[in-house]
There are 2 protein chains.
Amino acid sequence: MPRSEVPLDDIDHDLLAVLQRDADQTLSALGERVGLSPSAVQRRITRLKKHGVIARTVVELAPEATSDLILAVCVVTLDRESNERHERFQQRLLDAPEVQQIYMVSGDWDYVVVFATHGMAHHNEVTGRLLSDAPNVRRYTTLFVLKPVRTGNALPTRRAESG
Amino acid sequence: MPRSEVPLDDIDHDLLAVLQRDADQTLSALGERVGLSPSAVQRRITRLKKHGVIARTVVELAPEATSDLILAVCVVTLDRESNERHERFQQRLLDAPEVQQIYMVSGDWDYVVVFATHGMAHHNEVTGRLLSDAPNVRRYTTLFVLKPVRTGNALPTRRAESG
DNA sequence: CGCGGCATGCAAAAATCTTGCGCTTCGGTG
DNA sequence: CACCGAAGCGCAAGATTTTTGCATGCCGCG
């Protein structure tokens, strides 16, 4: 339930910074980091979840531990800019588990899409189906990832943090 | 401790798929989904963590709940391709909390970098410091994100999943 | 056919999470 | 200046969940 505006104080910012790096800690451990009792931490987390600041908790896999992993960034331009075509394109991508991220962007390209597949055959199959064979894709280019230097979705909730 | 090869059976794949979407469940709930007792689930998770398949557990924030959020994808090419320069460039990016993702890629560009900042002023400050003023950046282009259609880092551990 | 190795379920024990309660702080109000 | 209500905290009891020891069942191998 994303409320319009949720006021966050310094402790909330600290807490979110910590949780975005490691959410696998007890409330006591978190409390020590932010200087609060376990129950206070818990109440804040509950509030942040209820207000939709915290969207979800997930596990991240090590890319190098996933066999034959191929990551690729594709930039895509659609044929025509009708809303309906965009909807269809997005939906098709959303339905594919190999599509890790989708960003609609400004400029020469319409979308940036990140694919995660197993082996080149799989990659070709997926991008072929979702991009090459798509009726409204005008053009796309693939940038193969040689090394995922950093992955993650941490968002800075404030300017610089310390801990 | 990433071991060389960790054999994963069907239940492991199911478990990882579930955990990558929602890690905020009790062992019993997870057990129901994958058809195992709580303790068995727990032992599998422990094993996956120890072997480095599961890298970490994190909280994801809702982009729309983060005020003034600006996401941008920058593609970057360095001046010279020496190893040392790459190291330095990567390290500088790694030190910035506003840098969400860094991919070294093949082709015309060397890197794809995703920035998350608060407001255009912040964005300019960060990209200015890390890209424009960087001594070894030859050229870069920014694709501003109009809409984050999908975010996340879920990796498919096997071909298609059902649940 | 018998012997480990391995993963499981069960249940007890340990730890963590959850919640009620009283207290303090902070503003707004009479 | 005193009073009142909202909000957030710590503490502690109670509810759940996690953790672990143990016996069992299932292969694969000698």
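Here the structure is a predicted model, which is why all the values come from computation and not from measurement. In what follows, every chain begins at residue 1, and chains take the letters A, B, ... in the order their sequences are listed.
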Between A:V73 and A:V113, is a side chain to side chain contact (heavy atoms under 4.5 Å, CB included) present by the stated rule, with each step listed?
-> CA-CA 6 Å; A:V73 179; A:V113 184; over 6 Å; no

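- In this structure, the CG atom of B:L8 is 15 Å from the C1' atom of C:dA7, given to the nearest Å.
- Rounded to an integer number of Å, the gap from CG of A:D10 to P of D:dC9 is 13 Å.
- If you measure from atom CG of B:L30 to atom P of C:dG9, you get 14 Å, rounded to the nearest angstrom.
- When the P atom of D:dT16 is taken as reference, atom CG of B:D24 falls 17 Å away, rounded to whole Å.
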Under 3.5 Å donor-acceptor pairs involving side-chain atoms of residues 54-61 of chain A, not counting sequence neighbours:
| unit_1 | atom_1 | unit_2 | atom_2 | d |
| --- | --- | --- | --- | --- |
| A:R56 | NE | B:E60 | OE1 | 2.9 |
| A:R56 | NH1 | B:R21 | O | 3.4 |
| A:R56 | NH2 | B:E60 | OE1 | 3.2 |
| A:E60 | OE1 | B:R56 | NE | 2.9 |
| A:E60 | OE1 | B:R56 | NH2 | 3.2 |

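- Summarising the geometry, the separation between CG on B:L36 and P on C:dC6 is reported as 18 Å, rounded to the nearest angstrom.
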Given protein heavy atoms under 4.0 Å, the one-letter contact record of nucleotides 14-20 of chain C, with B base, S sugar-phosphate only and - none, is simply --SSSBB

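- In this structure, B:D108 places its CG atom where only 12 or fewer heavy-atom neighbours from other residues, nucleotides or ligands lie under 6.0 Å away.
- Of the N and O atoms on the side chains of A:Q90 and B:R150, not one donor lies less than 3.5 Å from an acceptor on the other residue.
- A:D95 and A:Q91 share a donor-acceptor pair across their side chains, judged by distance under 3.5 Å alone.
- Put simply, CZ on A:R44 is 13 Å from C1' on D:dG10, counting in whole angstrom units.
- One atom, CG of B:D12, and another, P of C:dC6, lie 15 Å apart when rounded to the nearest Å.
- Aromatic rings from B:F89 and B:Y111 are positioned such that their centres are separated by under 6.0 Å.
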